[in-house]
Amino acid sequence: MPNTVVVGAQWGDEGKGKVIDMLSERADIIVRFQGGNNAGHTVVVGGQEFVMHLIPSGILHPGKLCIIGNGVVVDPKVLLEEIDSLKKRGVEIDGNLGLSDSAHLIFPYHRALDKLREAIVGPGKIGTTGRGIGPCYTDKAARVGIRVADLLEDEVFRRKLQMNLEEKNELFVKLYQAPPFEFESIYREYCDYRERIAKYVIQVPIVLNRAITQGKSILFEGAQGTWLDIDHGTYPYVTSSSATAGGACVGTGVGPTRIDQVIGVVKAYTTRVGEGPFPTEFPPPLMEQIRSKGKEFGATTGRPRRCGWFDAVLVRHSILLNGITEIAVTKLDVLDDSPRVKICTGYRLGEKFLEVPPAVIDRWSQIEPVYEEHPGWLMDTSQVSCFEDLPPAARRYLKRLEELLRVKISIVSVGSKREQAFHV
Ligand code: IMP
């Protein structure tokens, strides 16, 4: 298999975990390149549901090397819980998992800051997952973050933790009127984590580039989605990392010339969790219907997802931003009961017709989506295993998406189980 990046082309939760699971069979190494345990990738294998927050979904394929890259922010408590839980369910971890020495670590003060900042801004909040992701990336950019390699060297770790606490405790006490964090308990807790994670630590750029030179294939697993990307998303209603394909290079130490293709994953409709604009959002009755049929509740926080029609304007721009070469469409079956299905093909902003989303966030609330309407298929597609067996109206819907996006649909998924998907 060519070296492949898999990214979400909407606002995350597109079903990337399932697509990664399908493609992992043909890859040698699977690597996560950004985000942290704000992500939740769900895969159903043999009737068992697995939700992975940090470890690449490829771990469910025995013998594949799964790597957490330097672009990921790692909460070691969550990582170790995930390792334990997978081991208990018979998944082989030791020998199959690598953790970058340059990944930044999430600390309890990051989680606290995330929640306090959201509470203080009130209505202007982002609706974060509260996992400390933003504050950890803030420290990374401010050059005060603590990386995995720092944790491994006791003196360095002590010094950096002390320095961070001095500064952060000022914030907690003086700005937020919250209790300060105590050095000793965090230090001890993280020394325990060090004992357990040390054996997984590797130099990811060396491992990956050597593997590519040896002809092995790498699957780069994106988290969140293009419209949550820190640069290209609906800023400031975004996450704090590069969720677009370029993030795969930065977040692993593999150069762009060594990547062959980019698969964009989309749902057959659109969802978003948290605050921020959403032009094609459903009105209430339809919202509940699709949310319940699609089980649209966050895999990480359990929050209900907002749902809406497929937005071809957004996805077309995602294709450009990521250099997407193929599309995987998931959850087609969720539209099975809809008598009519709509696709947003353009945005109207006052007198203007936009083909590209606006850069200023305030303009988004004034957008009027322009729709085309298609007849629904009103048939169960969840057992279909090839494109030709889909009802004609479902085939026409997918063909119309291909026309509008000008990219081939190569995978269609019609349910959560591993076998409910096919290549086109
Ligand atoms: P954060 O990543 O926790 O800082 O949250 C920032 C925004 O990204 C919020 O709107 C979250 O709901 C959203 N978000 C973060 N991770 C995911 C994800 O895995 N799927 C969908 N939305 C996400």
Side-chain angles (χ1 to χ4, degrees), residues 6-20 32-43 51-57 68 71-75 78 82 104 106-107 109-121 123-141 221-244 247 251 264-267 269-278 281 291 294-308 314 318 330-331 361 364:
V6 174
V7 288
Q10 294 161 324
W11 276 291
D13 306 317
E14 296 92 349
K16 294 178 291 297
K18 168 138 192 223
V19 172
I20 293 282
R32 265 279 303 267
F33 57 85
Q34 45 71 231
N37 60 308
N38 46 353
H41 289 168
T42 309
V43 182
V51 184
M52 258 79 66
H53 297 288
L54 277 168
I55 299 178
S57 325
I68 297 172
V72 178
V73 286
V74 178
D75 187 329
V78 175
E82 201 161 303
H104 281 251
I106 295 181
F107 284 87
Y109 50 81
H110 291 131
R111 290 192 294 267
L113 276 174
D114 197 355
K115 288 179 189 140
L116 286 166
R117 277 184 192 153
E118 284 282 272
I120 219 167
V121 292
K125 70 176 184 180
I126 289 162
T128 71
T129 58
R131 302 296 195 259
I133 307 297
C136 185
Y137 279 115
T138 303
D139 280 359
K140 174 177 176 174
E221 174 172 337
Q224 290 85 46
T226 299
W227 293 94
L228 288 172
D229 180 276
I230 181 82
D231 285 276
H232 301 289
T234 43
Y235 190 90
Y237 299 99
V238 292
T239 190
S240 301
S241 64
S242 299
T244 38
V265 186
V266 295
K267 271 181 191 161
Y269 47 100
T270 312
T271 63
R272 138 161 243 178
V273 202
E275 309 302 319
F278 187 170
E281 192 164 8
R291 181 182 288 151
K295 300 194 181 64
E296 294 295 358
F297 296 89
T300 299
T301 57
R303 290 181 292 175
R305 294 182 186 137
R306 299 156 67 192
C307 308
L314 283 189
S318 297
T330 64
K331 297 190 122 175
I361 199 72
W364 283 75

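Keep in mind that the numbers below use all heavy atoms, side chains included, and drop hydrogens, waters and symmetry copies. Remember, it's 1-based here, ligands and their atoms both numbered in the order they're listed. Sequential numbering from 1 along the given sequence is applied to the chain's residues.
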Problem - Electrostatic pair E296-K331, nearest N-O below 4.0 angstrom - result: yes
Problem - Near-ring test W11/F278, centroid separation under 6.0 angstrom - result: yes
Handout entry: Residues D114, R131: salt bridge by 4.0 Å N-O rule
Key = no
Problem - Check ion pair R111-D75 (N to O, under 4.0 angstrom) - result: yes
Handout entry: Neighbour list for ligand 1 [protein residues, heavy atom under 4.0 Å]
Key = W11, D13, N38, A39, I126, G127, T128, T129, Q224, L228, V238, T239, V273, G274, R303
Problem - Point-to-point distance, once rounded to the nearest 0.5 Å, from OH of Y137 to CD of Q34 - result: 6.0 Å
Practice task
Please identify each residue that fulfils salt bridge (Lys or Arg N to Asp or Glu O under 4.0 Å) with D229, with sequence neighbours left out.
Solution key: none
